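These notes are about the structure you will find just below.
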Amino acid sequence: MGLLRLLVLAALASERGAAGAAELVGNSSEGLLEFSVGKFRYFELNRPFPEEAILQDISSNVTFLIFQIHSQYQNTTVSFSRTLLPNTSETGTDRGLVFILRPEQSTCTWYLETSDTEPVQNVAIPLTYSERDPIPGGCNLEFDLDIDPNIYLEYNLFETTIKFAPANLGYARGADPPPCDIETGQDSRWRLQYEVYQYFLPENDLTEEVLLRHLQRMVQVPQVKAHATKVVTLTANDKTSVSFSSLLGQGVIYNVIVWDPFLNTSAAYVPAHTYACSFTAVEDNCASLGRVSSKVFFTLFALLGFFICFFGHRFWKTELFFIGFIFVGFFFYILISRLTPIKYDVRLILTTVAGSVGGIFLLATWWRFGILSLCMLCVGLVLGFLISSVTFFTPLGNLKIFHDDGVFWVTFSCIAVLIPVIFMGCLRILNILTCGVIGSYSVVLAIDSYLYTSLSYITLNILRRALNKDFHRAFTNVPFRTNDFIILAVWGMLAVSGITLQIRRERGRPFFPPHPYKLWKQERERRVTNILDPSYHIPPLRERLYGRLIQIKELFQKEQPAGERTPLLL
């Protein structure tokens with residue numbers, strides 16, 4: 001038992017020490033918090049009780065330090081002084097301050113408080129840097145602080161944008177800072193480069209403990225490079241702003257590392273996190289994402305898609321309705337969303353109606369005219385749309401060339417059109433492939449309405465790009481975890497099973513059913529000319545309708561009683 005306890009303690013220590021040692025403490029009643037360099041500290045802030053924090057015994061080779069504090073969604077304030085001023089304090093969920101140390105200075109003091117009525121659980125850490133390290137936010141001209149190491153994050157339904165202030169070169173204690181915009185050569189801050197990193201939290205986990213623990217991996221340069229994914233590298237000539245696709249309900253942490261290629265030194269900004277949703281909203285907050293209307297819509301859509309996956313080619317008319325529904329509904333949703341400000345639920349209902357009309361129209365076109373090439377063109381374009389979406393779902397979609405809308409849409413359309421062109425000589429295979437792949441993907445979309453999966457962003461990113469004019473600049477990275485692999489396996493299993501079953505069942509049968517209108521016309525002519533056919537003696541439609549009306553009328557007439565009603569003659 002003693003050995004087992006030691007192993008458990010060692011595991012907990014290693015987990016908490018991923019980015020440095022952590023000190024777990026409660027609320028300080030003395031009003032003073034003592035910190036150590038490079039060590040995380042957990043503590044609780046209450047509204048009436050501001051805290052004074054102190055760091056002592058700072059080494060003489062340290063030129064500046066960055067203190068940062070993090071909470072999940074409740075704001076906290078960190079300030080240089082007890083009096084809160086815009087240029088000496090910062091308020092938010094991920095905030096920090098840069099302390100430029102004076103000669104012989106070995107102690108730093110700052111102040112922490114919250115305006116939230118509820119207690120706020122925080123984690124904080126001070127980090128030190130030498131005179132060779134670049135100073136994050138050292139050339140700030142946009143935000144309030146003179147030196148601002150913070151990452152400012154904004155999000156909406158479509159994209160999440162981070163902004164940060166340019167850095168400056170490091171310098172010794174007591175020296176004047178290098179000028180920011182006088183020179184643009186290799187001896188100025190223009191030689192610095194910025195590496196933007198993205199880190200995904202565990203899926204479907206909105207707990208505070210998980211966030212604060214994983215934030216420890218995103219504050220120091222070595223840990224950021226080891227655990228996060230580098231998205232893009234910016235030069236000093238680039239705009240210090242990067243956009244990403246918003247992932248509703250998925251926790252993401254962003255950080256920027258500024259690198260001095262001349263001295264091969266680097267420093268990290270204060271990381272920022274988001275769930276692309278609000279924890280305090282009454283409706284559609286992080287804990288209750290997923291509308292009832294979406295669940296109903298995608299559940300019914302998946303039931304039809306599941307049927308199409310295994311029986312679509314046999315039930316050709318049902319498949320045509322399914323394809324027409326997708327084809328018209330997708331474009332109608334884009335049109336109505338861009339032109340009208342109506343609510344999402346109303347848009348979804350109107351899209352359902354429009355999609356149904358589109359499905360009936362495609363089915364009626366086949367019934368009346370029997371143009372197989374037109375119907376298969378629609379079928380092939382739907383499959384081509386999904387294949388093109390999968391192509392841009394890969395890292396290929398984040399290439400800089402595809403941030404141009406013209407290049408993107410031309411390439412996307414060419415891939416979509418190429419699919420029906422390739423399979424034009426084997427239309428039955430094209431139809432069965434479409435049934436299996438599209439029908440099974442509808443099941444994936446239904447799963448996403450109940451349980452988060454990154455696979456839904458295959459088509460959602462294309463829809464967002466069509467709806468939002470600024471989405472072209474966003475990087476569309478998504479996490480790919482265990483449940484995504486499971487759902488991907490389910491998608492593949494359904495698609496392969498449906499395609500295999502339909503190919504085996506349709507072997508030896510006609511490729512496509514005959515033209516319905518021609519069959520109906522031939523049958524009508526046969527009935528007219530063949531007097532031996534019982535249907536030949538069927539009365540005209542007018543007489544049949546009149547007979548039905550008489551039968552209905554008789555149902556409401558009072559039944560006459562049986563027996564003699566005439567009085568007897570005496």
Side-chain angles (χ1 to χ4, degrees), residues 5 7-29 33 35-36 38-47 49 51 53 67-78 92-96 112-114 116-127 151 153 155 160 197-220 223-224 226-229 247-255 268 270-281 285-289 451-452 479 481-484:
R5 172 180 281 178
L7 290 175
V8 171
L9 292 176
L12 291 174
S14 63
E15 183 179 12
R16 293 224 170 151
E23 301 175 7
L24 180 59
V25 297
N27 188 23
S28 174
S29 59
L33 296 173
F35 285 86
S36 301
K39 293 185 180 294
F40 292 94
R41 177 159 184 173
Y42 289 83
F43 58 94
E44 188 178 86
L45 288 178
N46 292 285
R47 183 176 181 178
F49 305 104
E51 302 281 355
F67 174 81
Q68 52 186 275
I69 181 173
H70 304 276
S71 61
Q72 187 176 31
Y73 65 91
Q74 299 164 284
N75 288 336
T76 55
T77 300
V78 54
T93 56
D94 303 286
R95 288 295 177 255
L112 309 172
E113 65 176 81
T114 180
D116 202 294
T117 56
E118 299 293 330
V120 182
Q121 186 69 31
N122 299 273
V123 63
I125 182 175
L127 299 173
I151 295 175
L153 188 148
Y155 70 87
T160 298
Y197 286 83
Q198 186 180 37
Y199 179 85
F200 295 108
L201 296 175
E203 294 179 357
N204 300 316
D205 197 328
L206 304 176
T207 58
E208 184 178 69
E209 178 186 359
V210 168
L211 170 67
L212 298 183
R213 186 174 74 247
H214 284 269
L215 270 169
Q216 299 180 25
R217 301 180 178 181
M218 290 293 290
V219 296
Q220 300 185 62
Q223 282 72 26
V224 172
H227 296 99
T229 302
L247 307 176
L248 302 183
Q250 169 62 49
V252 189
I253 304 174
Y254 301 98
N255 205 348
V270 177
H273 76 277
T274 180
Y275 295 88
C277 57
S278 173
F279 280 85
T280 58
N285 57 40
C286 293
S288 62
L289 288 176
L451 179 67
Y452 176 87
R481 303 287 169 78
T482 303
N483 63 329
D484 296 305

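What you see is a predicted model; the values in this text were computed from it and never measured.
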What's the shortest heavy-atom distance between [X] and [Y], and which atoms?
{"X": "Pro271", "Y": "Gln68", "result": "CD-OE1, 3.1 Å"}
{"X": "Ser278", "Y": "Tyr155", "result": "N-OH, 3.8 Å"}
{"X": "Glu44", "Y": "Pro119", "result": "CD-CB, 3.6 Å"}
{"X": "Leu112", "Y": "Ala53", "result": "CD1-CB, 4.3 Å"}
{"X": "Phe43", "Y": "Ala124", "result": "CE2-CB, 3.6 Å"}
{"X": "Gln216", "Y": "Leu212", "result": "CG-O, 3.5 Å"}

Nearest 0.5 angstrom please: [X] [atom1] to [Y] [atom2], how far?
{"X": "Thr76", "Y": "Gln121", "atom1": "OG1", "atom2": "CD", "result": "11.5 Å"}
{"X": "Ile69", "Y": "Leu215", "atom1": "CD1", "atom2": "CG", "result": "12.0 Å"}
{"X": "Thr274", "Y": "Tyr254", "atom1": "OG1", "atom2": "OH", "result": "7.0 Å"}
{"X": "Leu45", "Y": "Glu51", "atom1": "CG", "atom2": "CD", "result": "6.0 Å"}
{"X": "Asn255", "Y": "Ile151", "atom1": "CG", "atom2": "CD1", "result": "4.5 Å"}
{"X": "Phe200", "Y": "Ile253", "atom1": "CZ", "atom2": "CD1", "result": "11.0 Å"}

Exercise. With sequence neighbours left out, what residues match Thr482 under side chain to side chain contact (heavy atoms under 4.5 Å, CB included)?
Worked result: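 Scan of Thr482 (side chain to side chain contact (heavy atoms under 4.5 Å, CB included), adjacent residues dropped) gives Ile486.
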
Problem set entry | Under the side chain to side chain contact (heavy atoms under 4.5 Å, CB included) test, residues paired with Thr229 that sit two or more places apart |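 Testing Thr229 for side chain to side chain contact (heavy atoms under 4.5 Å, CB included), a comparison that skips the adjacent residues, returns none.
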
Problem set entry | Any Pro479 side-chain heavy atom under 4.5 Å of Leu247 side chain |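 When only atoms from C-beta onward are counted, Leu247 and Pro479 do touch, with a gap below 4.5 Å.
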
Exercise. Which one of Leu248, Val252, Leu211 satisfies the side chain to side chain contact (heavy atoms under 4.5 Å, CB included) criterion with Tyr275?
Worked result: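 Output: one option passes, namely Leu211.
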
Using the test side-chain hydrogen bond (donor to acceptor under 3.5 Å, both in side chains), find all partners of [X] that sit at least two apart in sequence or belong to another chain.
{"X": "Asn483", "answer": "Glu203"}
{"X": "Tyr197", "answer": "Glu195"}
{"X": "Thr117", "answer": "none"}
{"X": "Asp94", "answer": "His70, His273"}

For this session: Please work out which of the three classes, parallel, tilted or perpendicular, describes the rings of Tyr199 and His214, given edges at 30° and 60°.
Result: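 The rings of His214 and Tyr199 sit tilted, inter-plane angle from 30° to 60°.
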
Whether the side chain of [X] engages the backbone of [Y] through a donor-acceptor N/O pair (distance < 3.5 Å, no angle test) should be reported.
{"X": "Gln72", "Y": "Leu206", "value": "yes"}
{"X": "Asn122", "Y": "Val120", "value": "yes"}
{"X": "Ser71", "Y": "Gln74", "value": "yes"}

For this session: Start with the C-alpha distance between Thr93 and Asn75, add both sets of side-chain angles, then the distance that settles side-chain contact (heavy atoms from CB on, under 4.5 Å), and finish with yes or no.
Result: CA-CA 5 Å; Thr93 56; Asn75 288 336; 3.7 Å; yes

